[in-house]
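First the proteins, then the strands, lettered A, B, ... as listed; each starts at 1.
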Protein chains: 2
Amino acid sequence: MEQQKFHINKLRVSGLRPTKQRLAISKILFNRRETFHFTIEQLKKVIEKNSKKKISLATLYNTVHAFKKKGYLKEIPLKGNQTFFDTNTSSHHHFYDEDTLQLIDIKDENISINNLPKTPNGKKIQDIEITIKVASNYQKQKDN
Amino acid sequence: MEQQKFHINKLRVSGLRPTKQRLAISKILFNRRETFHFTIEQLKKVIEKNSKKKISLATLYNTVHAFKKKGYLKEIPLKGNQTFFDTNTSSHHHFYDEDTLQLIDIKDENISINNLPKTPNGKKIQDIEITIKVASNYQKQKDN
DNA sequence: CTTACAGTTTAGAATCATTATAAACTGAAT
DNA sequence: ATTCAGTTTATAATGATTCTAAACTGTAAG
Ligand SMILES: [Mn+2]
Ligand SMILES: [Mn+2]
Ligand SMILES: [Zn+2]
Ligand SMILES: [Zn+2]
């Protein structure tokens with residue numbers, strides 16, 4: 001288990017105790033080649049499949065927010081009842097598939113916005129993240 | 001009251017009975033020169049100021065959703081606990097002031113996105129709306 | 001190896017925006 | 001005036017998230 005040590009160290013460095021729960025969640029979130037986009041509810045299901053001991057919902061919330069605070073996760077601004085998290089913490093854009101409710105990273109670094117108007121007086125831009133809703137054409141638009 | 005007739009007609013044409021409540025809400029929403037961005041809670045407060053008879057919260061929700069369905073309001077995709085509505089129903093972009101929690105229309109028609117990557121297979125773009133978060137520079141970024 | 005304790009986990013309660021329910025009310029057609 | 005579908009309303013229900021306070025545990029010190 002080389003990964004194990006890696007995650008333990010990462011947690012220690014962050015001032016977070018490497019508990020069983022945090023390690024289990026770390027493995028599921030960060031032992032991946034691809035970006036992982038998820039809601040807490042989705043994460044719960046993955047945990048229930050992969051882990052024998054159950055982790056309480058409160059701990060899932062606690063841990064995900066702790067990871068976010070430490071910069072290991074990003075929260076994705078998306079309207080809807082549930083909040084999305086993203087293991088890709090760089091500033092980037094998304095397609096949002098309204099059929100499957102899945103986020104898809106836009107890897108193209110060349111995407112750009114032109115002719116941006118001046119920002120309101122005394123304000124600075126904090127963040128620009130574009131979410132492009134896509135769906136199968138024939139379907140009715142969601143009543144979101 | 002020319003406006004009154006206008007709103008009554010608009011409601012009738014839409015297949016909505018022109019009730020006292022709907023007329024009161026119509027006046028507040030649509031007798032404006034500027035776009036109005038609001039949450040239900042904000043609308044409730046404006047109503048309470050301007051109208052002697054109170055309108056139940058359920059009716060506010062019902063009416064706003066009815067107006068949205070008829071195309072007189074747009075729901076703005078914005079993360080957060082409360083949903084925003086917009087009297088400007090055209091496709092357009094926003095600044096979101098994180099200090100005041102206010103939406104501001106971007107009127108510049110020339111804004112454009114360049115180098116958009118191809119959409120996922122079999123999917124069509126439904127909507128692109130950009131929300132640019134702004135805030136006073138000196139402030140800490142919101143823990144949204 | 002024990003002890004001690006801050007940090008962590010947990011079940012369950014609380015919160016809060018929104019939606020559902022079902023009874024009372026009302027606009028408007030007859 | 002009568003009638004009834006459409007509407008309003010108080011209230012309950014829902015569902016995601018946060019809070020609470022008690023039990024537990026990683027680890028530093030002895
Ligand atoms: Mn809605
Ligand atoms: Mn959060
Ligand atoms: Zn992403
Ligand atoms: Zn607008």
N or O in side chain of B:Y61 less than 4.0 angstrom from C:dT19 OP1/OP2: no
Rounded interatomic separation in angstrom, taking CZ from A:F67 and P from C:dT8: 11 Å
Integer-rounded Å distance: D:dT7 P and B:K69 NZ: 12 Å
cation_pi(A:K45, A:F38) dist<6.0 Å, angle<=45: no
A:R22 side chain, from C-beta outward: closest of D:dT7, D:dT17, C:dT8: C:dT8
Under-3.5 Å donor-acceptor pair between B:R17 side chain and C:dA28 base: no
Validation row: B:D105, B:H94 side chains within 4.5 angstrom (heavy atoms): yes
C:dA11 phosphate, OP1 or OP2, under 4.0 Å from A:K54 side-chain N/O: yes
B:K74 to B:F85 six-membered ring, cation-pi geometry met (6.0 Å, 45°): no
Residue-phosphate contact under 4.0 Å: B:T59 side-chain N/O, D:dT9 OP1/OP2: yes
Sub-4.0 Å heavy-atom contacts from residues 40-49 of chain A onto DNA chain C, ordered by number: none
B:T63 (side chain) donor-acceptor with B:T59 (main chain) under 3.5 angstrom: yes
Among C:dA17, D:dT27, D:dT7, the nucleotide that comes nearest once only the side chain of A:P18 is considered: D:dT27
Within-4.5 Å side-chain heavy-atom neighbours: B:L16 and B:R22: yes
Nucleotide nearest B:L16 (side chain, heavy atoms from C-beta), chosen from D:dT18, D:dT7, C:dA28: D:dT7
Shortest side-chain distance from A:T83, nucleotide among D:dT17, C:dT19, D:dT9: D:dT17
Phosphate contact (D:dT9 OP1 or OP2) by B:Q21 side-chain N/O below 4.0 Å: yes
Most 5' of A:N62 and B:F84 on DNA chain C, judged by nearest nucleotide: A:N62
From C:dT9, C:dT19, C:dA28, nucleotide with atom closest to B:R12 side chain: C:dA28
Gap between atoms NZ and C1', on B:K20 and C:dA28 respectively (whole Å): 13 Å
Any side-chain heavy-atom pair of B:T100 and B:D97 under 4.5 Å: yes
Gap between atoms CD1 and C1', on A:I8 and C:dT8 respectively (whole Å): 16 Å
Proximal nucleotide (of C:dT10, D:dT8, D:dA16) relative to the A:Q82 side chain: D:dA16
Selected nucleotide, minimal atom distance to B:I55 side chain, candidates D:dA16, D:dT9, D:dA10: D:dT9
Ionic contact status for B:K79 with B:E98, cut-off 4.0 Å: no
Distance in angstrom units between B:L60 CG and C:dT19 P, rounded: 13 Å
Length of the NZ-P vector between A:K79 and C:dA17, whole Å: 16 Å
Protein-nucleotide distance (A:L57, atom CG; D:dC19, atom P), rounded to Å: 14 Å
Separation of atom CG in B:N81 from atom P in D:dC19, rounded to whole Å: 12 Å
Short side-chain N/O contact from B:T19 to OP1 or OP2 of C:dT26, under 4.0 Å: no
Sub-4.5 Å side-chain heavy-atom contact between A:L11 and A:F67: yes
Contact under 4.0 Å: A:H65 side-chain N or O vs D:dT17 OP1/OP2: no
